[in-house]
Amino acid sequence: MTIQDITVAYTAVATAENGRDGRVSSDDGKLDVVVNPPKEMGGSGAGTNPEQLFAAGYSACFQGALGVVARQEKADISGSTVTAAVGIGKTEAGGFGLEVAITATIPNVDRATAQALIEKAHQVCPYSNATRGNIKVELSVA
């Protein structure tokens, strides 16, 4: 896989304090959240966690990519939703890894068209491009 240079249009900056059991905030103050490991991983589950933040970003980004593709294809995606489920677990090598399941609901097109749209969106989405070849990402239509 070749790393491509890009012309940066925007840079998001966030700082974490105390890792997975602390706080994360953006430099502009628009994001300021307590993070805690989920109960399933031995944490309190009191705050959000990095996987939820990743799922939120990925689903929003993928929905945006879907909009780009839909405009190109002249498809009606009004009322659509995109859900990202991000799983974390131990890898065979002993570290931790992620996997993602993207599920799109697109009520105004048939299933085959919806599937084609999400596959094209997967090629456009920056999160998909960043994760491609690194983690398992499954696409499905609800």
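One finds the CG atom of N49 at 8.5 Å from the CD atom of E40 (value rounded to the nearest 0.5 Å). A distance of 9.0 Å separates OG1 in T113 from CD in E73, rounded to the nearest 0.5 Å.
Between I135 and L98 the shortest heavy-atom distance is CB-O, 3.4 Å. Among all heavy-atom pairs drawn from A84 and I102, the shortest one is CB-CD1, 3.8 Å. The minimum heavy-atom distance linking N129 with H122 is given by the pair OD1-O, 4.1 Å. Taking both residues in full, the closest heavy atoms of A104 and I118 are given as CB-CG2, 3.5 Å, listed atom of the first, atom of the second, then distance. For the residue pair K120 and V69, the shortest heavy atom distance occurs at CB-CG1, 3.6 Å. The shortest non-hydrogen separation linking F96 to T91 is C-CG2, 3.6 Å.
Side-chain atoms of Q123 and E119 form no donor-acceptor pair, as typed in the model, at a separation below 3.5 Å. A donor-acceptor contact closer than 3.5 angstrom links the side chains of T103 and S140. Between the side chains of T81 and Q63, not a single donor N or O lies within less than 3.5 Å of an accepting N or O. For the residue pair N134 and T131, no side-chain donor N or O sits within less than 3.5 Å of a side-chain acceptor on the partner. Between the side chains of N108 and S78, at least one donor N or O sits under 3.5 Å from an acceptor N or O.
Connection of M41 to V100 is established within a shared hydrophobic cluster, with ILVMFWY side chains joined at heavy-atom distances below 4.5 Å, either directly or through further cluster members. A continuous path of Ile, Leu, Val, Met, Phe, Trp and Tyr side chains, each step under 4.5 Å between heavy atoms, connects V141 with V137, placing both in one hydrophobic cluster. Residues V24 and Y127 are members of separate hydrophobic clusters, defined by side-chain heavy-atom contacts under 4.5 angstrom among Ile, Leu, Val, Met, Phe, Trp and Tyr.
With contacts defined as side-chain heavy-atom distances shorter than 4.5 Å, the pair T83/F62 does not qualify. Side-chain contact between R20 and P50 is present, with heavy atoms from C-beta onward closer than 4.5 Å. Using a 4.5 Å cut-off on side-chain heavy atoms (C-beta onward), V35 and N18 make no contact. Using a 4.5 Å cut-off on side-chain heavy atoms (C-beta onward), L66 and L117 make contact. The shortest distance between side-chain heavy atoms of V8 and I6 falls below 4.5 Å.
Formation of a donor-acceptor pair under 3.5 Å by the S59 side chain with backbone atoms of A55 is found in this model. Between the side chain of R23 and the backbone N or O of D32, no donor-acceptor pair lies under 3.5 Å. At least one donor-acceptor pair under 3.5 Å links the side chain of S26 to the backbone N or O of L31.
Note: Y58 and F54 have perpendicular aromatic rings, judged against thresholds of 30 and 60 degrees for the angle between ring planes.
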